Every structure is written in C-alpha cells, then in structure tokens.
Trainee: 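Provided herewith is a single structure, encoded as structure tokens, for subsequent inquiry.
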Amino acid sequence: MKTSELQTNLIAALVAFKKAVPVIPKTKEGQQGNRKFKYAPLDAIMEICEPIALENGLVITQGANGHRIETRLDHISGEWRETSMPMNEVHA
C-alpha cells in the first residue's frame, strides 16, 4: 500500500467514519457451490456509507491502469492511501 507521508487527519476521519456507519442489512442471497449466504449489495452499502464518508472529508476513487485496478482513499487534508490489484484480461 502506498500512502502520503502523514496520515494523522486521515486516521482520525476513518475512526469517525467507522463510529458513524451503522450495521448494513444483508438483503440479498447468494450461493457458491453448496454454500448459501446473505450479503449487502454494493448500491445499499454506498447509499449508507458515501454521505458519512463525505461528512468526514473522505472520498474513494478507482481507475484502471493497464491490467490493474487502482483504489485511492483521499482526505480533504491531502492525506491519502492507495492500493492496486490485478484485473483479469478480457478476451473478445
């Protein structure tokens, strides 16, 4: 993980964010092999979390860089964290 040199404000904002986020209901059902499970869909998670993140000066951005997806968490102070993961190449 890459980070800004300082993260004091970012960490404080993340703590406040985590304290404010309620338990998100698992309203969808899925199955993997014989295993069934319930999960919260991304749109429901974002609907609850995005306003709380913004109230705490946090924003997440994502973008593709070649065959990697880069995710960055920025704080209004200029502090940040960034990570990337490989994506599968799509063959037409």
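None of these values were measured; they are calculated from a predicted model. Keep in mind that the numbers below use all heavy atoms, side chains included, and drop hydrogens, waters and symmetry copies.
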Trainee: How about CD1 on Ile69, more than 12 heavy atoms from neighbouring residues, nucleotides or ligands closer than 6.0 Å, or not?
Mentor: yes
Trainee: Once you round to the nearest 0.5 Å, how far does CD of Glu79 lie from CG of Asp74?
Mentor: 10.5 Å
Trainee: Are the side chains of Lys36 and Glu29 in touch, meaning some heavy atoms are under 4.5 Å apart?
Mentor: no
Trainee: Specify the closest pair of heavy atoms between Pro25 and Ala40, including all atoms of both residues, with the distance to one decimal.
Mentor: O-CB, 3.4 Å
Trainee: How far does CE of Met85 sit from CE of Met87, to the nearest 0.5 angstrom?
Mentor: 11.0 Å
Trainee: Leu54 and Ile60: same hydrophobic cluster, using ILVMFWY side-chain contacts below 4.5 Å?
Mentor: no
Trainee: From Leu73 CG over to Met1 CE, what is the distance, rounded to the nearest 0.5 angstrom?
Mentor: 9.0 Å
Trainee: Mind listing the closest non-hydrogen atom pair of Ser4 and Gly78 along with its distance?
Mentor: CB-O, 4.5 Å
Trainee: Could you tell me which residues satisfy side chain to side chain contact (heavy atoms under 4.5 Å, CB included) with Pro86, sequence neighbours excluded, listed by chain and number?
Mentor: Arg68
Trainee: Quick check: closest heavy atoms across Cys49 and Ile24, and the distance to 0.1 Å?
Mentor: SG-CD1, 3.9 Å
Trainee: Taking all heavy atoms of Trp80 and all of Leu10, pick out the closest pair and write down the distance.
Mentor: C-CD2, 3.9 Å
Trainee: Do you reckon Ile45 sits in the same ILVMFWY cluster as Val21, going by side-chain contacts under 4.5 Å, direct or chained?
Mentor: yes
Trainee: Step by step, work out the side-chain contact (heavy atoms from CB on, under 4.5 Å) result for Glu47 and Asp43.
Mentor: CA-CA 6 Å; Glu47 183 178 332; Asp43 60 337; over 6 Å; no
Trainee: In the structure I gave you, are the side-chain heavy atoms of Thr27 and Pro41 within less than 4.5 Å of one another anywhere?
Mentor: yes
Trainee: Just verifying a value: how many Å separate Arg72 CZ and Thr83 OG1, rounded to the nearest 0.5 Å?
Mentor: 12.5 Å
Trainee: Can you run down the side chain to side chain donor-acceptor pair (under 3.5 Å) pairs that involve residues 55-65, sequence neighbours left out, and say none if there aren't any?
Mentor: Gln62-Thr71, Asn65-Glu70
Trainee: Starting from Leu14, can I reach Met46 by hopping between I/L/V/M/F/W/Y residues whose side chains sit under 4.5 Å apart?
Mentor: no
Trainee: Measuring from Leu58:CG to Ile52:CD1, what's the distance to the nearest 0.5 Å?
Mentor: 11.0 Å
